[in-house]
Amino acid sequence: MRRGAFPQFTDRGFVALGAPRNAAIPANADSKYFDLGLCGPLRTDLAAHTGYCGMFKTPTLRNVATRSVFFHNGVFETLEQVVRFYQQRDVHPELFYPRARNAGAAKFDDIPAAYRANVAFDAPFDSAAAAKPRFTDADAADIIAFLRTLTDAGVVRAPRE
Ligand code: HEM
């Protein structure tokens, strides 16, 4: 980053977080349709690189508190929902994914089973082994308070369409 430049608040990495499927997206009415980010179908140049399927660019967190939808498919509408996903995805996946019959929560329901191994388990994920989240509800409130400090002066909250 250029010295003195404003911070970007992103590492510009491409990562699969396994965001829940968003039923409000018309294309998702087709259960065989999946937006897999880097490997398509909208992007075509990396279609053969299946290790990239499900990966999306980490967006800047600058002004994140002014957004009304979060993640590539807009499945979450509040920062509270997003931070809860990071806290609970691997401990209580049933909070985010529909239950598969007799099999608990079907995790990563917006990625075909063949590509689910691409999903990241970096901290704060992968808390299932400890059977408890890596951060507390009080920590979550602190994280949200911090995210709210990343808003530039004069930037107003985007209205929901
Ligand atoms: C507690 C730690 C974290 C917090 C508070 C956090 C916060 C956020 C927020 C608020 C968003 C939504 C931004 C938007 O849609 O405008 C986001 C998206 C994203 N974050 Fe994180 N993040 C954390 C950890 C991580 C980690 C560990 C990774 C990578 C392994 C990561 C990668 C991403 C990616 C790829 C997206 C975009 C996902 C998509 O569009 O589907 N984040 N993060």
Side-chain angles (χ1 to χ4, degrees), residues 1 6-28 33-43 46 49-93 95-98 105-152 155-161:
M1 186 175 73
F6 290 119
Q8 299 295 308
F9 297 123
T10 175
D11 62 1
R12 299 189 185 77
F14 290 89
V15 183
L17 297 187
R21 193 168 175 86
N22 186 350
I25 294 176
N28 284 346
Y33 176 83
F34 294 94
D35 176 0
L36 294 176
L38 281 187
C39 87
L42 297 179
R43 181 168 175 162
L46 297 174
H49 295 259
T50 55
Y52 293 162
C53 291
M55 291 187 176
F56 292 85
K57 196 170 188 174
T58 308
T60 178
L61 295 183
R62 194 176 193 100
N63 296 316
V64 70
T66 66
R67 296 174 202 149
S68 302
V69 289
F70 300 92
F71 286 179
H72 68 280
N73 60 3
V75 70
F76 297 127
E77 299 181 356
T78 66
L79 283 177
E80 285 76 8
Q81 291 171 341
V82 174
V83 173
R84 193 152 183 80
F85 178 71
Y86 281 108
Q87 183 196 38
Q88 299 286 354
R89 187 196 75 180
D90 296 328
V91 185
H92 289 295
L95 295 173
F96 311 101
Y97 307 102
K107 284 173 78 169
F108 315 138
D109 62 341
D110 207 20
I111 300 179
Y115 307 133
R116 286 178 190 162
N118 297 342
V119 175
F121 279 80
D122 307 60
F125 294 120
D126 200 18
S127 43
K132 63 175 189 178
R134 288 185 190 266
F135 60 89
T136 66
D137 289 350
D139 293 331
D142 288 347
I143 290 168
I144 292 165
F146 168 72
L147 292 172
R148 292 202 169 112
T149 70
L150 305 181
T151 303
D152 293 302
V155 177
V156 295
R157 189 173 167 79
R160 283 193 57 76
E161 290 181 0

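Computed from a predicted structure; not experimentally measured. As the structure lists them, so they are numbered: ligands from 1, and atoms in each ligand from 1.
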Kindly list each side-chain donor-acceptor pair under 3.5 angstrom involving residues 35-43, sequence neighbours excluded, with atom names and distances?
residue	atom	partner	partner atom	Å
Asp35	OD1	Gly37	N	3.1
Arg43	NE	Asp45	OD1	2.7
Arg43	NH2	Asp45	OD2	3.2

Any side-chain heavy-atom pair from Phe96 and Phe108 closer than 4.5 angstrom?
no

Within the 4.0 Å heavy-atom sphere of ligand 1, strictly under, residues:
Val15, Leu17, Phe56, Lys57, Thr58, Pro59, Leu61, Val64, Arg67, Phe70, Phe71, His72, Leu79, Val82, Tyr86, Asp122, Ala123, Pro124, Ile143

Student check: side-chain heavy atoms of Gln88 and Pro133 closer than 4.5 Å
yes

What's the shortest heavy-atom distance between Phe125 and Ala120, and which atoms?
CD1-O, 4.0 Å

Pro20 vs Phe85 side-chain heavy atoms within contact, under 4.5 Å
yes

Whether Asp90 and Lys107 form a salt bridge (side-chain N of Lys/Arg under 4.0 Å from carboxylate O of Asp/Glu) is what I want to check.
yes

